[in-house]
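Contents: one structure, followed by commentary.
Treat the numbers as computed from the prediction; the structure is a model and nothing was measured.
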Amino acid sequence: MNLKPSPLTEASAVLAIAILGILLTFSLLSMNVEAGFAMLSNSAMTFLLPAFSFWAVIGLFVRSKSKAFRMLVNIAITALVTSVLGSLFISSIGDSTTGTVADRAMAQSVISGMSLVTFASCLVGALVTYLWLLRASKS
């Protein structure tokens, strides 16, 4: 394609592809589009909003670097956000006394699944964005 490389363009393209990936994954796994939208909404609030913010802000500092470096930074930010926030929520649920042990274990597995699907979708989004969507640099 032919998108002009800029931090917001790159972050928005990765986000759009990740949203599509999350929606398709959860809709196909549950065989229910409504459940897919519900999980997309939860993933977006939990992981995608903080990741997008970090992608855009840190992208300002690395915008003069190569495409490969920016892609690796994007992937590293995604890994950091999904792992830290996923661990934080899993720990918080484990420390809670609300609900039964089985309910808390189910909630922890849902958070783990959301984290993994979000990371995989953002990884695909970063690869597609940086390897195909962005305009070739003028050397």
Side-chain angles (χ1 to χ4, degrees):
M1 296 265 316
N2 200 12
L3 294 178
K4 180 181 177 187
S6 74
L8 280 179
T9 302
E10 294 167 5
S12 298
V14 173
L15 180 70
I17 295 168
I19 285 173
L20 181 63
I22 292 168
L23 177 63
L24 288 175
T25 301
F26 284 123
S27 294
L28 292 175
L29 288 176
S30 67
M31 298 305 252
N32 185 353
V33 177
E34 292 174 1
F37 276 112
M39 292 302 288
L40 170 62
S41 175
N42 293 335
S43 294
M45 287 185 297
T46 306
F47 300 112
L48 289 179
L49 180 62
F52 179 82
S53 301
F54 285 122
W55 293 334
V57 170
I58 294 174
L60 293 172
F61 297 107
V62 297
R63 72 173 140 195
S64 61
K65 303 289 185 187
S66 69
K67 245 195 317 191
F69 183 79
R70 293 192 321 263
M71 179 178 69
L72 290 175
V73 167
N74 188 296
I75 293 170
I77 291 169
T78 303
L80 187 67
V81 167
T82 55
S83 63
V84 167
L85 290 178
S87 297
L88 181 69
F89 287 124
I90 288 170
S91 174
S92 174
I93 292 168
D95 293 342
S96 174
T97 57
T98 305
T100 64
V101 174
D103 290 340
R104 290 194 301 270
M106 180 63 77
Q108 288 175 326
S109 65
V110 167
I111 293 291
S112 297
M114 282 173 35
S115 176
L116 288 173
V117 169
T118 301
F119 176 74
S121 296
C122 290
L123 177 65
V124 169
L127 291 173
V128 168
T129 298
Y130 288 98
L131 298 178
W132 185 60
L133 290 178
L134 291 181
R135 181 183 308 161
S137 63
K138 297 176 183 176
S139 315

Check the pair Val110 / Met39 against side chain to side chain contact (heavy atoms under 4.5 Å, CB included), numbers first and verdict last.
-> CA-CA 9 Å; Val110 167; Met39 292 302 288; 3.8 Å; yes
Side chains of [X] and [Y]: does their closest heavy-atom pair fall under 4.5 Å?
X	Y	result
Pro5	Thr9	no
Ser115	Phe47	yes
Met114	Phe26	yes
Thr118	Thr46	no
Phe54	Val73	no
Val117	Ser43	no
Leu134	Tyr130	yes
Thr78	Leu123	no

Any chain of hydrophobic side-chain contacts (each under 4.5 Å) joining [X] to [Y]?
X	Y	result
Val81	Leu49	no
Ile77	Leu131	yes
Val33	Leu20	no
Phe37	Ile19	yes
Leu85	Leu80	no

Shortest non-hydrogen separation from [X] to [Y] and the atoms involved:
X	Y	answer
Ser121	Ala18	CB-O, 3.6 Å
Val14	Cys122	CG1-O, 3.9 Å
Gln108	Ile93	CG-CG2, 3.7 Å
Pro7	Arg63	CG-CB, 4.1 Å

Who else is in Leu116's hydrophobic cluster (ILVMFWY, side-chain heavy atoms under 4.5 Å, direct or via others)?
-> none
Partners of Ala35 by side-chain contact (heavy atoms from CB on, under 4.5 Å), sequence neighbours excluded?
-> Ser30, Asn32
Judged by atom type as modelled, is there a donor-acceptor pair below 3.5 Å linking the side chain of [X] to the main-chain atoms of [Y]?
X	Y	result
Arg70	Val62	no
Ser87	Ser83	yes
Ser109	Met106	yes

Side chain to side chain contact (heavy atoms under 4.5 Å, CB included) between Asn74 and Glu10, worked out | CA-CA 9 Å; Asn74 188 296; Glu10 294 167 5; 5.6 Å; no
Interatomic distance, Leu40 atom CG to Met45 atom CE [nearest 0.5 angstrom] = 9.5 Å
For the atom pair OG (Ser53) and CD1 (Ile58), what is the distance rounded to the nearest 0.5 Å?
->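 Here the interatomic distance stands at 10.5 Å.
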Is there a side chain to side chain contact (heavy atoms under 4.5 Å, CB included) between Leu48 and Phe52 once you walk through the steps?
-> CA-CA 6 Å; Leu48 289 179; Phe52 179 82; 5.9 Å; no
